[in-house]
Participant: 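The structure's right below; bear with me while I get my questions together.
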Amino acid sequence: MTYHPKSEFMRVMIERGFLADCTDYQGLDEALSKGVVPAYIGFDATATSLHVGSLIQIMMLRWLQKTGHKPITLMGGGTTKVGDPSFRADERPLLGPEQIDANIAGIKQVFAAYLSYGDGDTDAMMINNAEWLDQLNYLDFLRDIGRHFSINRMLSFESVKSRLDREQSLSFLEFNYMILQAYDFLELNRRYGCLLQMGGSDQWGNIVNGIDLTRRVLDHEIYGLTSHLLTTASGAKMGKSADGAVWLNADMRSPYEFWQYWRNTEDADVGRFLKLYTEMPIAECDRLGALEGAEINAAKIILANEVTTLLHGADAAAAAEATAREVFEKGGTGDDLPTLTLSAEDVAGGMSIVQLIVRSGLAGSGKDAKRLIDGGGAKMNDAALTNAGLMITADDLSQPIKLSAGKKRHALVQLG
């Protein structure tokens with residue numbers, strides 16, 4: 001990347017490692033230098049929370065606002081009814097309007113931690129694309145919008161080709177998704193003066209479609225910018241862990257578990273993640289990322305504290321670090337550990353240790369839990385578990401039980 005940007009936002013995107021591609025570096029940079037640029041990222045409401053995989057996009061919106069521009073969080077109340085087929089092997093399950101509205105309400109909680117909403121020039125806006133998509137007249141839409149799309153070109157996009165090569169066919173419903181996303185960009189430009197769409201690099205085709213459509217229908221110049229699709233150094237997808245998705249809402253993933261996810265970052269990722277997921281100076285990110293041996297663990301604690309503070313607040317980060325220190329250094333149980341509370345009825349006939357491990361979130365299935373025990377990775381009250389057939393009764397739970405999966409993941413089980 002040899003382009004030297006004038007605008008602070010483009011400089012941050014390049015220096016901190018966000019930028020994968022841009023439709024017009026110079027044109028966008030000029031627009032960002034001249035005044036406030038409204039920019040959006042779309043989030044489909046497929047769950048009641050976003051997960052860590054969306055955090056890179058949320059940080060891009062945060063930097064956009066910090067550098068004097070206007071972030072728009074577009075909620076896919078309309079497009080969620082269709083489902084984005086991009087790089088998916090199968091069709092998404094279709095959700096009803098009540099579930100979609102509940103999901104949007106849950107997702108709003110996350111954005112409030114990163115963005116400042118209001119009516120000012122650079123205050124963030126939250127918009128639902130159901131505002132225009134729910135009112136569409138199909139025949140008018142086909143005539144006014146559909147005629148601008150070339151099927152030949154749409155079939156050439158990698159996200160579509162990857163599905164055409166699989167057994168699971170691409171439905172006409174899903175094929176419409178990229179037209180609807182392009183129309184979103186057109187409407188956001190028409191209604192709110194939005195000049196930029198951002199997203200992961202898997203959204204490149206959809207973004208380009210929106211730019212072309214807006215140019216054809218409104219003759220307006222708009223821009224697209226994508227971030228890298230992140231994996232960890234070992235190739236794992238961001239946002240996934242051994243026990244499932246790393247959700248951003250506190251009621252779905254406790255601040256302590258969230259903190260632990262970042263504390264367990266691979267050594268090779270520390271510097272890169274500090275640049276992407278915190279606001280620490282780049283020189284300090286590079287210095288911490290270059291540490292080795294035991295010293296890199298101190299850098300991981302800084303990473304975990306900084307990321308957790310942004311989402312859950314400084315108190316939650318401090319409590320998580322204190323709990324981790326108590327658990328790891330002093331062998332205690334820690335007040336802030338993820339806790340499974342059972343009723344006396346739950347364990348009336350005894351509950352297998354395998355089921356307990358699954359219900360406490362330390363394994364995704366009974367098979368995973370048995371594998372953990374067989375491999376010597378499971379502990380109960382810091383003692384190795386060797387018997388997968390062990391039954392836990394109410395008497396065993398007269399005191400809380402601490403379960404562990406490996407050295408870094410723990411949970412408490414107690415009677416309510």
Side-chain angles (χ1 to χ4, degrees), residues 1-34 37-44 53-67 69-74 84-88 149-150 153-163 177-186 188-189 194-216 220-232 235 237-239 269 272-273 275-277 282:
M1 180 71 213
T2 54
Y3 184 70
H4 299 293
K6 299 177 188 173
S7 65
E8 189 185 357
F9 178 69
M10 286 292 274
R11 195 180 74 247
V12 168
M13 289 297 99
I14 293 167
E15 288 179 350
R16 298 190 81 93
F18 286 93
L19 187 63
D21 214 340
C22 181
T23 55
D24 178 359
Y25 290 100
Q26 204 154 349
L28 176 57
D29 195 30
E30 287 287 340
L32 289 159
S33 301
K34 285 177 183 168
V37 169
Y40 92 96
I41 298 179
F43 298 88
D44 274 347
S54 298
L55 201 49
I56 189 167
Q57 266 77 53
I58 296 170
M59 289 301 292
M60 288 166 79
L61 289 170
R62 183 174 169 86
W63 279 113
L64 184 87
Q65 188 167 48
K66 281 173 72 76
T67 54
H69 302 283
K70 188 175 188 70
I72 298 173
T73 46
L74 181 70
D84 183 0
S86 297
F87 295 98
R88 285 183 62 86
F149 287 84
S150 157
R153 184 157 186 249
M154 290 164 78
L155 289 172
S156 73
F157 286 124
E158 202 56 46
S159 58
V160 174
K161 284 200 299 188
S162 68
R163 271 294 287 282
Y177 185 92
M178 63 177 73
I179 299 178
L180 295 177
Q181 186 170 329
Y183 186 64
D184 281 347
F185 203 175
L186 168 69
L188 285 169
N189 178 257
C194 183
L195 293 179
L196 170 64
Q197 181 183 173
M198 301 187 290
S201 55
D202 59 337
Q203 296 299 312
W204 180 256
N206 292 337
I207 291 171
V208 169
N209 269 334
I211 292 170
D212 287 348
L213 179 66
T214 305
R215 193 180 288 135
R216 288 167 188 265
H220 288 177
E221 193 67 37
I222 56 177
Y223 308 95
L225 183 153
T226 58
S227 63
H228 297 284
L229 289 182
L230 280 194
T231 56
T232 65
K237 200 172 177 182
M238 282 300 292
D269 288 328
R272 183 169 61 125
F273 287 1
K275 288 178 191 173
L276 292 170
Y277 298 113
I282 287 176

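Predicted model, so just to flag it, every value in this text is computed and none were measured. The figures that follow rest on heavy atoms only: side chains count, while hydrogens, waters and symmetry mates do not.
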Participant: Heavy atoms only: give me the nearest K275-E15 pair and the separation to one decimal.
Facilitator: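 Closest approach of K275 to E15, heavy atoms only: CD-O, 4.3 Å.
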Participant: Looking only at non-hydrogen atoms, find the nearest pair between L276 and F18 and report the distance.
Facilitator: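 For L276 versus F18, the nearest heavy atoms are O-CZ, 3.3 Å.
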Participant: What's the shortest heavy-atom distance between L229 and S201, and which atoms?
Facilitator: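 Of all heavy-atom pairs spanning L229 and S201, the closest is CG-OG, 3.3 Å.
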Participant: Set out, in order, the CA-CA distance, both residues' side-chain angles and the distance that settles side-chain hydrogen bond (donor to acceptor under 3.5 Å, both in side chains) for N189 and Y40, then state yes or no.
Facilitator: CA-CA 10 Å; N189 178 257; Y40 92 96; over 6 Å; no
Participant: Taking H69 for its side chain and L64 for its backbone only, find out whether a donor-acceptor pair lies under 3.5 Å.
Facilitator: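 Here the side-chain-to-backbone pair does not exist.
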Participant: Could you give the distance from CG (D212) to OG1 (T23), rounded to the nearest 0.5 Å?
Facilitator: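 So the gap between those two atoms works out to 9.5 Å.
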Participant: Say you draw a straight line from SG of C22 to CE of M198; how long is it, rounded to the nearest 0.5 Å?
Facilitator: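 It comes to 11.0 Å.
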Participant: Tell me the salt bridge (charged side-chain N to carboxylate O under 4.0 Å, His left out) pairs involving residues 20-31, sequence neighbours left out?
Facilitator: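 Of all non-adjacent pairs touching residues 20-31, those that pass salt bridge (charged side-chain N to carboxylate O under 4.0 Å, His left out) are K6-E30.
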Participant: Are Q197 and Q203 linked by a side-chain donor-acceptor pair shorter than 3.5 Å?
Facilitator: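 No, no side-chain donor-acceptor pair sits under 3.5 Å.
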Participant: Nearest 0.5 angstrom please: T214 OG1 to I222 CD1, how far?
Facilitator: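 One finds 3.5 Å between OG1 of T214 and CD1 of I222.
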Participant: Atom CG of D44 and atom OG of S54: how far apart are they, to the nearest 0.5 Å?
Facilitator: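 Nearest 0.5 Å value for the CG-OG distance: 10.5 Å.
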Participant: Nearest heavy-atom pair of L19 and H228: which atoms, and what distance?
Facilitator: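 Nearest heavy atoms, L19 then H228: O-NE2, 2.9 Å.
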Participant: Using every non-hydrogen atom in the two residues, find where I207 and L225 come nearest and quote the distance to one decimal.
Facilitator: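 Minimum heavy-atom separation between I207 and L225: CD1-O, 4.3 Å.
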